[in-house]
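This report refers to the structure that appears directly beneath it.
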Amino acid sequence: MSSLQPVRGTHDLLPDEMRRHRTVVDAARSVSSRYGFEEIATPIFEFTNVFSRTLGDTSDVVTKEMYTFEDKGGEMITLRPENTASVMRAYLSNGMQQLAPCRFFSHGPMFRYERPQKGRQRQFHQLNAELIGVPDPLADVEMLTMGAHILKELGVLERTTLEINSLGDMDSRQAYRELLIAYFSTYESDLSADSRARLTKNPLRILDSKDEKDREILSGAPDMAASINDDSRCFFDTVLERLTKLGISYSLNTRLVRGLDYYCHTAFEFTTTELGAQGTVMGGGRYDGLIEQMGGPATPGVGWAAGIERLSMMINEPVPDSMPVSIIPIGDVAFEKGFALANDLRHAGFNIDFGVSGNMKKRMKRANRVGARAAIMLGDDELARDGVTVRDMETGEQTEVSFAMLESQLDRYR
RNA sequence: GCGGGAGUAGCUCAGUUGGUUAGAGCACCUGGUUGUGGUCCAGGGGGUCGCGGGUUCAAGUCCCGUUUCUCGCCCCA
């Protein structure tokens with residue numbers, strides 16, 4: 001075993017895996033553009049406070065998962081653990097308030113310091129979609145519809161479940177929070193250590209605790225739906241009605257809270273049972289307070305993120321790229337001629353394989369290995385007749401073709 | 001941060017109660033074919049048995065430590 005190990009939790013994307021990733025990204029880019037989304041990219045690192053101020057001091061991401069370091073100028077820098085905060089920072093930095101509403105699609109690597117396991121890495125890749133500046137529940141529906149559309153395009157929608165919940169608006173959340181603190185305080189000594197730490201800082205997170213004792217206590221906890229005010233209730237009902245009208249099935253999950261503090265109203269996850277312990281393939285929700293919290297004007301927003309690795313594990317093997325035509329020269333004169341021919345054909349749009357060395361047998365072997373659909377053979381015989389021999393690599397059929405007719409004869413191998 | 005499983009050729013793996021020079025399949029190279037691949041036949045190269053220590057006449061095999069991978073817990077994409 002070599003000592004040249006990649007950093008734990010990171011992986012090389014070799015051609016087969018890269019092709020899967022590209023399939024996922026291409027589908028998302030194509031579908032999102034039909035919904036009016038434009039692609040952007042933000043830097044993979046930001047000042048630490050872009051994340052620490054927005055994700056919540058008690059979120060796992062901030063407390064234990066960020067890759068943070070001091071750069072040579074003494075600035076605290078963090079590799080982005082998610083993309084929503086970065087996109088909102090970009091929205092404010094570039095004065096895009098005037099362009100609202102904005103629809104942004106992006107994708108790229110994210111970094112979280114966690115123990116790697118199936119479907120979880122320290123550097124992983126996400127698709128991101130954000131719709132900024134639309135307070136109407138229709139925006140939530142549009143994001144969900146688009147997400148489902150992308151999953152359908154990838155052929156995985158039927159193998160996922162859309163779980164959805166409403167956290168209510170800020171007032172509802174605050175009211176519920178107080179109810180929860182009051183309730184859990186009476187059981188404080190029985191709660192798990194994690195839950196006890198969250199009791200005053202972020203009691204909502206206790207709701208999705210998996211601890212057995214916590215679950216028992218939870219069964220008597222006040223219901224979130226009961227403390228959601230009428231406006232929020234109405235908002236959520238509209239979302240659900242629209243989903244039903246569009247034929248998007250969902251499953252209400254009142255325990256669904258999500259890990260980041262900035263969510264309100266709609267919270268959702270598309271989950272699957274196919275990826276071991278990691279069920280979530282796409283997750284997001286509404287974050288109306290986020291931009292204001294970052295120092296911008298009060299601006300609503302909805303968005304989601306999807307795991308590219310997780311999706312790529314669920315899709316069918318993509319078809320390989322277009323197969324090349326190999327040029328097989330025999331002899332020095334033919335080599336020069338073949339080299340020039342390769343150049344001409346590449347400029348004409350053909351995918352050409354041209355090896356620099358080897359006898360004919362080796363070159364044929366190589367043509368086979370790279371999956372060539374045809375081989376162009378040229379030696380003294382062909383040169384004397386000012387043409388080449390084209391061999392169909394599947395049927396083995398060979399025909400002589402003049403240089404003048406070559407491109408048109410090759411068209412079927414494009 | 002905590003727990004389970006694993007680490008032998010480029011890849012997937014076998015290797016008996018510890019006992020010759022550590023094997024197979026695939027892949028690779030050469031030849032059978034001096035201008036013909038994918039099939040077939042023959043031959044060949046390739047190993048710090050993760051690393052370090054210990055037990056033993058003898059360790060891939062047993063013991064301890066360590067490291068990496070992997071699956072799970074927590075949490076998330």
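All chains are named by letter (A, B, ...) in the order of the sequence lines, taking the proteins before the strands, and each is independently numbered beginning at 1.
Look at G72(B): its Watson-Crick or wobble partner, with both distances under 3.5 angstrom, is C2(B). Nucleotide C26(B) forms a Watson-Crick or G-U wobble pair with G10(B), both donor-acceptor distances falling under 3.5 Å. Look at A59(B): it lacks any Watson-Crick or wobble partner with both distances under 3.5 angstrom. Of all nucleotides present, none satisfies the Watson-Crick or G-U wobble test against G47(B) with each distance under 3.5 Å. Both distances falling under 3.5 Å, in either a Watson-Crick or a G-U wobble arrangement, place G52(B) opposite C64(B). Of the nucleotides present, G32(B) is the one that pairs with C40(B) by Watson-Crick or G-U wobble criteria, both distances under 3.5 Å.
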Handout entry: Criterion side-chain contact (heavy atoms from CB on, under 4.5 Å) on Phe350(A) and Leu410(A), from CA distance to verdict
Key = CA-CA 9 Å; Phe350(A) 290 95; Leu410(A) 246 35; 3.6 Å; yes
Exercise for the section: Give the C-alpha distance, both sets of side-chain angles, the deciding distance and a yes or no for side chain to side chain donor-acceptor pair (under 3.5 Å) between Asp169(A) and Ser232(A). Expected result: CA-CA 6 Å; Asp169(A) 59 17; Ser232(A) 300; 3.3 Å; yes
Practice task
I would like to know whether Trp304(A) and Phe268(A) meet side-chain contact (heavy atoms from CB on, under 4.5 Å); could you show each step before the answer?
Solution key: CA-CA 9 Å; Trp304(A) 52 246; Phe268(A) 62 88; 3.7 Å; yes
Practice task
Using the side-chain contact (heavy atoms from CB on, under 4.5 Å) rule, take Leu341(A) and Phe403(A) through it: C-alpha gap first, then chi angles, then the decisive distance, then the call.
Solution key: CA-CA 9 Å; Leu341(A) 183 60; Phe403(A) 280 113; 4.1 Å; yes
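In the interface, the side chain of Arg391(A) is paired with the base of G37(B) through a donor and an acceptor atom under 3.5 Å apart. For Asn368(A) and G38(B), a side-chain-to-base donor-acceptor distance below 3.5 Å is absent, hydrogens and geometry of angles not being considered. A donor N or O paired with an acceptor N or O is found under 3.5 Å between the base of G35(B) and the side-chain atoms of Glu382(A). Residue side chain Arg310(A) reaches the base of C76(B) through a donor-acceptor N/O pair under 3.5 Å, judged by distance alone. Judged by atom type and distance alone, Gln121(A) does not reach the base of A77(B) through any side-chain donor-acceptor pair under 3.5 Å. At a cut-off of 3.5 angstrom, counting only N and O atoms as typed in the model, there is a donor on one side and an acceptor on the other between the side-chain of Arg120(A) and the base of C75(B).
Nucleotide C76(B) holds its P atom 16 Å from the CG atom of Asn128(A), rounded to whole Å. G35(B) atom C1' lies 8 Å from atom CE of Met377(A), rounded to whole Å. Atoms CZ (Arg366(A)) and C1' (G35(B)) sit 19 Å apart, rounded to a whole Å. Distance Glu309(A) CD to U70(B) P: 13 Å, rounded to the nearest Å. Summarising the geometry, the separation between CG on Asn83(A) and C1' on A77(B) is reported as 12 Å, rounded to the nearest angstrom. If you take CZ of Arg112(A) and P of C74(B), they are 17 Å apart, rounded to a whole angstrom. Atom CD of Gln117(A) is separated from atom P of C69(B) by 13 Å (rounded to the nearest Å). Rounding to whole angstrom units, CG of residue Asn359(A) and C1' of G35(B) are separated by 10 Å.
Across all strands shown, Gly279(A) has heavy atoms under 4.0 Å from base atoms, whether or not it also approaches the sugar-phosphate. Heavy atoms of His107(A) sit nowhere under 4.0 angstrom from any nucleic acid atom. When heavy atoms are screened at a 4.0 angstrom cut-off, Ala277(A) is found touching base atoms of the nucleic acid. Across all strands, Glu82(A) comes closer than 4.0 Å to no nucleic acid atom at all (heavy-atom distances). In this structure, Asp381(A) reaches the bases: a heavy-atom distance under 4.0 Å links it to at least one base atom across the strands shown. No engagement by Glu269(A) is indicated, since no non-hydrogen atom pair under 4.0 Å with the nucleic acid exists. Residue Arg115(A) is classed as a base contact, given a heavy-atom separation below 4.0 Å to a base.
OP1 and OP2 of G35(B) both lie 4.0 Å or more from every side-chain N or O belonging to Lys361(A). OP1 or OP2 of U36(B) has not a single side-chain nitrogen or oxygen of Lys362(A) nearer than 4.0 Å. A sub-4.0 Å separation between OP1 or OP2 of G38(B) and a side-chain N or O of Lys365(A) is present. OP1 or OP2 of A77(B) has not a single side-chain nitrogen or oxygen of His21(A) nearer than 4.0 Å.
In this structure, Pro324(A) and Arg373(A) have side chains that are not in contact, with every pair of non-hydrogen atoms separated by 4.5 Å or more.
Nucleotides U70(B) and C57(B) have their P atoms positioned 41 Å apart, rounded to a whole Å. Comparing the C1' positions of C13(B) and U56(B) gives a spacing of 29 Å, expressed to the nearest Å. Taking atom C1' on both C40(B) and G4(B), the two are 47 Å apart, rounded to the nearest angstrom. Comparing A27(B) with U17(B), their P atoms sit 33 Å apart, to the nearest whole Å. Comparing the P positions of U21(B) and C11(B) gives an interatomic distance of 27 Å, to the nearest angstrom. Distance noted for atom P between G25(B) and A59(B): 29 Å (whole Å). Annotation: U67(B) and U30(B) have their P atoms spaced 44 Å apart (nearest Å). The gap from the P atom of C26(B) to that of G32(B) amounts to 22 Å, rounded to the nearest Å.
Counting heavy-atom neighbours within 6.0 Å of Phe69(A) CZ, excluding the residue itself, gives a total above 12.
With Leu162(A) as reference, Leu144(A) is the one residue of Asn253(A), Leu157(A), Leu144(A) to meet the side chain to side chain contact (heavy atoms under 4.5 Å, CB included) rule.
Ranked by how close their nearest RNA chain B nucleotide is to the 5' end, Gly396(A) and Gly283(A) are led by Gly396(A). Each of Leu378(A) and Arg369(A) lies near RNA chain B, and the nucleotide nearest Arg369(A) is the one positioned closer to the 5' end.
No donor-acceptor pair closer than 3.5 Å links the side chain of Glu336(A) to the backbone N or O of Phe339(A). When atom types are taken as modelled, the side chain of Asn49(A) and the backbone of Arg53(A) share no donor-acceptor pair closer than 3.5 angstrom.
Side chain of Ala305(A), nearest nucleotide from G72(B), C75(B), A77(B): A77(B).
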